Amino acid sequence: MTECCILRVAVNAPLSQLFDYRPPPDASPDALRPGCRVSVPFGRRRECAMIVELGDSSELPATKLKFAHAALDDEPLLNDADLWLVRFVSDYYQHPIGEAVAAALPALLRQGKPLYPVVEHISLTNEGANAAAGELTTKAPRQAAFLHRLRERGGLTGAALDDAMPGWKRLRKNLLAKGWIRIAEMQDTAGDIACRTATPQHGPALNADQSAALQAISNGAGFTVSLLDGVTGSGKTEVYLRLIDDAIRQGRQVLVLVPEIGLTPQFVARLELRLGIAPLLMHSGLGDNVRLAAWRAARDGSAPLILGTRSAVFVPLRNPGLIIVDEEHDSSFKQQEGLRYSARDLAVARGKKLDMPVVLGSATPSLESLQRCSEGHYRRVVLPVRAGKAVPPLLRLVDLAAHPVTDGLSAPILAAMKRNLADGGQVLVFLNRRGFAPTLICQGCGAIAECGRCDARMTVHAGSNRLQCHHCGAVRALDPKCGECGGAVVPLGQGTERLEETLNAHFGDCRIVRIDSDSTRMKGSMDKALALATAGESQILVGTQMLSKGHHFPNLTLVVVINADQGLFSTDFRGTERLAQSLIQVAGRAGREQRQGEVIIQTAFAAHPFWAELLRGGYERVARAALEERELCAWPPFSRLALLRAAAAAKVDAHRFLDSARRIAVALHADEVRILGPVSAPMERRAGRYRAQLLFQSRDRQLLHQVLHSVRSKLERDPLSRRIRWSIDVDPIELF
Ligand SMILES: [Zn+2]
Ligand SMILES: [Zn+2]
């Protein structure tokens, strides 16, 4: 056999190893390089697999070694750096390599479709050319016109003909039979996506802080991580725009990652206007063909600017120059199912590998990133004041012990709203709970409507007259009578839907817009609601955290936070960090133009030390206190965590599986790794399965990964592992 005759491929299956195959007999060596796809026999199926390595021998006996069916690419789809990322992700997140490859490819490529679409190309034969020059015009004018068009253009694709000569397909059979045209299949490599649109517009001159920030970030070449820490309205985007412009001028590509709801038309339009480049958008809402075209344009370098959500971190870049992660603290950068990666952390890893700068931006940086700055790994670049004349908003509390609420609203809140509205201002009412009410209770027997499949209550949705479980999605009709005793049922507590109703009763002459995932389900409805809010046509905005990020409402003068107390007593060690982030983010919507904004927070626990820290020292103070506490308890970022989760139809199976994981880990005698559990998840039953978990904690990342690796490879051989659902979450952001 010739040299390098073994292909080591990754198959999209939940298996951690690579599989060996012999090359397909007639394939060219170019098509068998790492990064190329091959189709292989796998079990009884034919699978599309990716070559990750070449080898010259296999552990399998020659008789068991199968031939790959066919090579699928002429050239590698992923280059060495892309393949490095895939392997890194698989190792770091303890996840099957085939699924890591799958994350890096658009759906059509995973399915084995070609990189470029195959299209029909129609051209004239010699006979056809003669006929076109002959007397056809009078006898058959349609045929003549068709042949002339083909002769003029030297052949056309089917799609181009559909545009130019609708109905041409009716001529096709006849002309083929006469031998006048030929139809060939070819790859459509025509420029996919036009990115350059117009002349860029000049932006405002940078203020002193912005200039200093730009200089600090641009200082030095190669890999650096800068944390651009700037309050809302301090002009981070201006700094991004200069950095992007610089990189593109040098012929480099820029990848900008934003949270899931950060891809607003406002932001995209601003980039386009200022840079004269339409950013290439990559997000989960794209159709398969569009996504593949976008992926190609990033890979072949024709797209200078790529703007995407979490999964765009994997996109191949021909001339990588800069990665920006905006709102780096946002939890949507962490995938919470399947391959549980952090796009922010991978952006940093990629920047290091490709030796290019990475910029993380936030008004409320994650404690992880702040700690990296303190340790000297990242540089912290602060934008301290709001750009222009705007002043930071005034924060105050309403103590619910002194001011009782009616339908969720206290008197001081109502008074402040009236005052702001009378002055022509706009008010945002924030409640992070959608639906009408979180609970439905019977007045007769006290029974509470619960989900049949989860340890959770059903949420009342009055608009659709249904009960909905927000954990598993179960839905049932709202029965006005109790199923137990026939008594009358009443909704208890507040959701955004009910709050909207209450606000309507108080402020009937104002236009009220609700923004949450229920009200914006229809395509385009979010944009419409935001446009109303931005133009100031709606005086009151009510909504969930969907409202709190990235949007700019020029008339907004007051932000009201209805219920922040859940976050104060969270069982998760990240509770206060999250609470402070969401409050500061929503507060940042207030008073961004000439007038000072006001933020009022209702709380039943006004004496809680969290409030004193937040009101006196802002996010900075809360973050410092939280970091001290984490250091004392050795929580991240002062240690590393990994969570092994198991869920099974029988409770005993989930616990048995984790018990055996614990035994495997203990037998390794890795004393620097603490093992906590197994314990049942706080919401033990979800979607009909019992859930339990085992937590690994260590200050030594290497050691933790060694332990995880051993535990995982032994668990994969446990027969129970095929009957239950389990996963490893490295650097989890939610512990429960
Ligand atoms: Zn009842
Ligand atoms: Zn449920």
Side-chain angles (χ1 to χ4, degrees), residues 260 284 331-332 334-338 340 407 431-499 516-521 544-546 563 566-567 569-572 575 578 643-655 657-658 678-693 723-727 729 732-736:
E260 268 161 41
S284 55
S331 57
S332 74
K334 171 89 176 173
Q335 175 135 309
Q336 301 277 32
E337 57 189 15
R340 291 167 161 81
D407 292 331
L431 174 63
N432 212 6
R433 187 193 278 148
R434 66 190 177 91
F436 187 80
T439 304
L440 186 72
I441 189 168
C442 168
Q443 286 178 307
C445 70
I448 285 171
E450 289 185 334
C451 175
R453 307 170 68 218
C454 306
D455 294 333
R457 296 172 176 186
M458 298 293 270
T459 299
V460 182
H461 285 255
S464 55
N465 204 28
R466 293 196 296 195
L467 292 174
Q468 207 185 84
C469 173
H470 287 182
H471 303 283
C472 72
V475 166
R476 63 177 188 254
L478 203 168
D479 189 342
K481 287 203 173 71
C482 171
E484 306 286 324
C485 74
V489 293
V490 286
L492 204 65
Q494 300 276 321
T496 46
E497 219 182 309
R498 187 175 214 174
L499 193 57
D516 56 32
S517 58
D518 300 312
S519 74
T520 56
R521 194 151 289 155
T544 57
Q545 60 164 354
M546 281 181 96
N563 179 3
Q566 290 160 298
F569 302 102
S570 167
T571 43
D572 194 316
R578 290 274 163 65
L643 197 59
L644 176 61
R645 295 189 178 92
K651 179 175 171 175
V652 60
D653 283 346
H655 282 264
F657 183 74
L658 295 181
V679 292
S680 295
M683 194 199 345
E684 187 175 20
R685 203 166 52 103
R686 181 168 176 167
R689 288 171 189 275
Y690 289 87
R691 309 179 311 147
Q693 58 197 36
R723 288 200 285 119
I724 69 165
R725 285 192 195 165
W726 62 284
S727 62
D729 190 351
I733 59 163
E734 260 156 36
L735 280 197
F736 304 109

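First listed ligand is number 1; within each ligand, the first listed atom is number 1. Here the structure is a predicted model, which means the values were calculated and not measured.
Residues R686 and D455 are not paired through a salt bridge, judged by the lack of any N-O separation under 4.0 Å between the basic side chain and the carboxylate. A salt bridge is absent between R498 and D407: the closest approach of a Lys/Arg side-chain nitrogen to an acidic carboxylate oxygen does not fall below 4.0 angstrom.
Rounding to 10 degrees gives 110° for the angle at the Zn ion (ligand 2) between SG of C469 and SG of C454. Expressed to the nearest 10°, the angle at the Zn ion (ligand 1) joining SG in C445 with SG in C482 is 110°. Computed with the Zn ion (ligand 1) at the centre, the C442 SG to C485 SG angle is 100°, stated to 10 degrees.
Looking at Q336 and E734, their side chains come closer than 4.5 Å, going by heavy atoms from C-beta outward. Proximity of M683 to H471: side-chain heavy atoms (C-beta onward) are separated by under 4.5 Å at one or more points.
For residue H471, no N/O/S atom approaches the Zn ion (ligand 2) to within less than 2.8 Å. For the Zn ion (ligand 2), the N/O/S atoms of C451 include one lying under 2.8 Å.
In summary, of the residues considered (L440, L492, T439, V489), a side chain to side chain contact (heavy atoms under 4.5 Å, CB included) with I448 occurs for T439 alone.
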